[in-house]
Each structure stands twice: as C-alpha cells, then as structure tokens.
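So the structure is just underneath, and the comments pick up after that.
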Amino acid sequence: MTAYEPPGEPGVGPGPAQGTDPADYDAVVLAGGAARRLGGADKPGVRVGGRALLDRVLAACDGARTTVVVAAPRPTARPVTWARENPPGGGPLAALDAGLRHTTADHVVVLSADLPFLEERTVGRLLGTLRGSAADGVLLTDPDGRDQPLVAAYRTRRLRETLALLAERHGGPHGLPLRRLTAELDLTRISDPVASFDCDTWDDIASARARIREHGHVLDEWISAVKDELGIDLDVDVKELLDLARDAAHGVARPAAPLTTFLVGYAAARAGGGPEAVAEAARKAVALAARWAEESTQKAPGDQPDVAPDATPDTRPDAG
C-alpha cells in the first residue's frame, strides 16, 4: 500500500482529477449493523446536532449519481435506493456486495452510517486522489493510523472482482471481515482525524454532540440542520446575512434583525431563489438599513438632505 498526504487542513484537499466529472460516482452506505456497543440502539437514527447520523452521511455524498443504503428502509432526508444482504446480518462484505449490485459508475464511495463529521469536500478529496492515481482505492485513517475502509473511494470493477474472488474462496461473503477485502487491494491512505471519527459508543455520541456546539462549529452545524429539516439546498453568504442582521439590530431595533432576515428570504424565494436572489435581496436591505441609520444621526434639518439624491422638490411626498 502507498501513503499520500497532501498539504492543507483535514478534510480539505485536491478535487477530482482534471477532465473528470466530480458527480460521476455512486455511493454505498452501510447502515445495517447490530450496534452492540450502543446496546442495540438504532445507530443510524441517533441524532447528532438535530440530524440523524445516516442523514448526515447522506448529505456528504449528495453529489452521487446513485446512493444505495444497505439496511431496512426508513425515512431519510433525501431519496435513496435501498438494498439488503440475504440473509440480513451477514456482515460488511455481504452488505457491500448487496449494495454494489445497484451501482453503475466506475467509482464508488463506500461509507458507514455513523460518521458525524464527514463532509462533501472529504468525499471529493477521496475521489480526486483516486482518479489521480493508479490505486484500487483511497481510504481515510483515524488519528491512531488505523485504516477506515468504510470511509473510502474505490474502483467499482476492482471491488466486484475482489468480492467474487473472496466468495469463491470462502463460499460467499457472509461473515468475512473487511480486512480480507483490503488485503487484496492496492490502497492509498489519507489521514483525516475529523472526518474519520465514527460513533461506536455512547461516549462517542456525547463527544460528537459536544464538538458541534463549540463556538467554531455551532453556526455551520445549525444552518446545515435547518436546511436539512426544511429541504433547502442553498448555499448563501452567511457573513453577508449576519452583517445585515447586525446593521438592522443596531440601526433600527433588535427585533428588526430576525424579521429583516426572514423578509430577505421571502423576497429571494419570490425572485426564484438561489444564492444570487438572496444576495440581491440582502444588498437592498443592507442599503436600507444604512439609510435608516444615517437618518437617525442627523442633528438638524440643515445637516443632511432629507430627500433622495435623484429627487426634486416638486416630487417629494410632502411637496405642496
């Protein structure tokens, strides 16, 4: 196996190789484990930051052409294809084999359903590294250097070939550990201690819940949770909206901040939605807040003109 560690922050790295379509991949999410260390709890449904762990993982692979979840069907934040190993409970290789039967892309991202900090950019980093190499797959390692084969991107054909080989040797994939698969593949490793964090115990769940409430993460986490809950897929300039809320609160009144941002969202929706519509509505509201604040600082009628620059006396509302 080879090692690969590009510079930059964890979770950030080169995108897909030049000349490739970053969306041209499938995803298989394994969500049917017994969760014995959680006392048999429904681990994919455990909420971290108000969102089910499974939904958080699905958000990270939202760009997949087809997303297959290997588990019993359940409500999810976005549509997926459901698959199940036969019989259920056959272990990760049997689940992977069942999921791969629904994929068609040349590359597949394989994920567990308990990764609270996995992001789309990490998926892009895995795919970009794979497409820029001759390896069979690229996987993350945890802070202790352990392989995480369920946070990885693989060449689909090599996975199918290797699973068929293992099935021939052992009479099927049921009950086989993942290391049997990774031992047969030429893999590249990427270190990412954040994205590779998985939730095996209630202590892990508690740590994840605490981390997303830290000052540096809570706002992004909250916005992601709200968008997920409302079914909104929209990237907006958070700083711009926060600046608008600040200006409205300081220049008008504190309740003006939430009301103004609500009206900006409503106006953007009326204009067709999208980041451009939000930015334009916010720009207009910021300008209005500036004019409002400017009026409040005028000391005497003669200090500042009380008409718009392009107005004339006979067009003013109070002109007589």
Side-chain angles (χ1 to χ4, degrees), residues 10-11 26-64 67-85 88-89 91-92 95-96 98-99 108-124 126 139-143 146-153 178 192-214 217-233:
D26 291 332
V28 174
V29 181
L30 307 188
R36 293 183 180 87
R37 296 172 69 185
L38 288 177
D42 175 27
K43 182 161 67 169
V46 172
R47 295 185 179 274
V48 172
R51 291 190 291 164
L53 283 171
L54 175 58
D55 284 335
R56 298 178 72 92
V57 173
L58 293 179
C61 58
D62 186 52
T67 299
V68 185
V69 179
V70 186
R74 66 173 66 220
T76 52
R78 68 178 181 88
V80 299
T81 298
W82 296 96
R84 201 70 195 268
E85 71 274 28
L96 178 56
V108 61
V109 173
V110 178
L111 306 168
S112 61
D114 60 350
L115 303 165
F117 305 125
L118 184 67
E119 296 183 354
E120 197 165 6
R121 63 181 181 179
T122 306
V123 171
L126 289 167
L139 53 77
L140 295 191
T141 59
D142 68 13
R146 292 185 295 252
D147 288 350
Q148 298 294 317
L150 296 184
V151 199
L178 274 169
D192 193 328
V194 177
S196 63
F197 180 88
D198 57 359
C199 294
D200 290 327
T201 68
W202 287 113
D203 284 344
D204 294 336
I205 297 291
S207 296
R209 287 171 172 170
R211 184 181 188 277
I212 65 171
R213 285 169 170 76
E214 293 173 0
H217 308 285
V218 65
L219 187 58
D220 286 341
E221 288 286 349
W222 171 247
I223 291 172
S224 295
V226 171
K227 291 195 297 184
D228 196 48
E229 189 73 15
L230 299 179
I232 298 172
D233 184 14

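Predicted model, so just to flag it, every value in this text is computed and none were measured.
Contact of the I205 side chain with the L53 side chain is registered, since non-hydrogen atoms from C-beta on lie closer than 4.5 Å. For the pair V194/R211, a side-chain contact is recorded, criterion being any heavy-atom separation below 4.5 Å from C-beta on.
Residues that satisfy the side-chain hydrogen bond (donor to acceptor under 3.5 Å, both in side chains) test with R74, not counting sequence neighbours, are D42. With sequence neighbours excluded, the residues satisfying side-chain contact (heavy atoms from CB on, under 4.5 Å) with A60 are L118, V123. The side-chain contact (heavy atoms from CB on, under 4.5 Å) check on A208 picks up V48, P116, F117, F197, C199, with sequence neighbours excluded. Under the side-chain hydrogen bond (donor to acceptor under 3.5 Å, both in side chains) criterion, S196 pairs with no residue, sequence neighbours left out. Qualifying side-chain contact (heavy atoms from CB on, under 4.5 Å) partners for A95, counting only residues two or more places apart in sequence or in other chains: L30, V70, E85.
No hydrogens or angles considered: nothing links the side chains of D203 and T201 as a donor-acceptor pair under 3.5 Å.
Taking the charged nitrogens against the carboxylate oxygens, D200 and K43 do have a contact shorter than 4.0 Å, which makes a salt bridge.
The nearest pair of heavy atoms linking D198 to D204 is O-OD2, 3.7 Å. Closest approach of T67 and C61 over heavy atoms only: OG1-O, 3.8 Å. Here the closest heavy-atom approach between residue V68 and residue A83 is recorded as CG1-CB, 3.8 Å. Contact between V29 and L54 at its shortest, heavy atoms only, is CG1-CD1, 3.9 Å. Minimum heavy-atom separation, L140 to A195: CD1-CB, 3.8 Å. Annotation for A31 and V69: closest pair CB-CG1, 3.9 Å, computed over non-hydrogen atoms.
With T141 as the fixed residue, the side chain to side chain contact (heavy atoms under 4.5 Å, CB included) test singles out one of V151, D192, D147: D147.
Remark: side-chain polar atoms of R209 are paired, donor with acceptor, to backbone N or O of R47 under 3.5 angstrom. Panel note: side chain R56, backbone R51; no donor-acceptor pair is recorded below 3.5 Å.
Remark: L96 CG to L178 CG distance equals 7.5 Å, nearest 0.5 Å.
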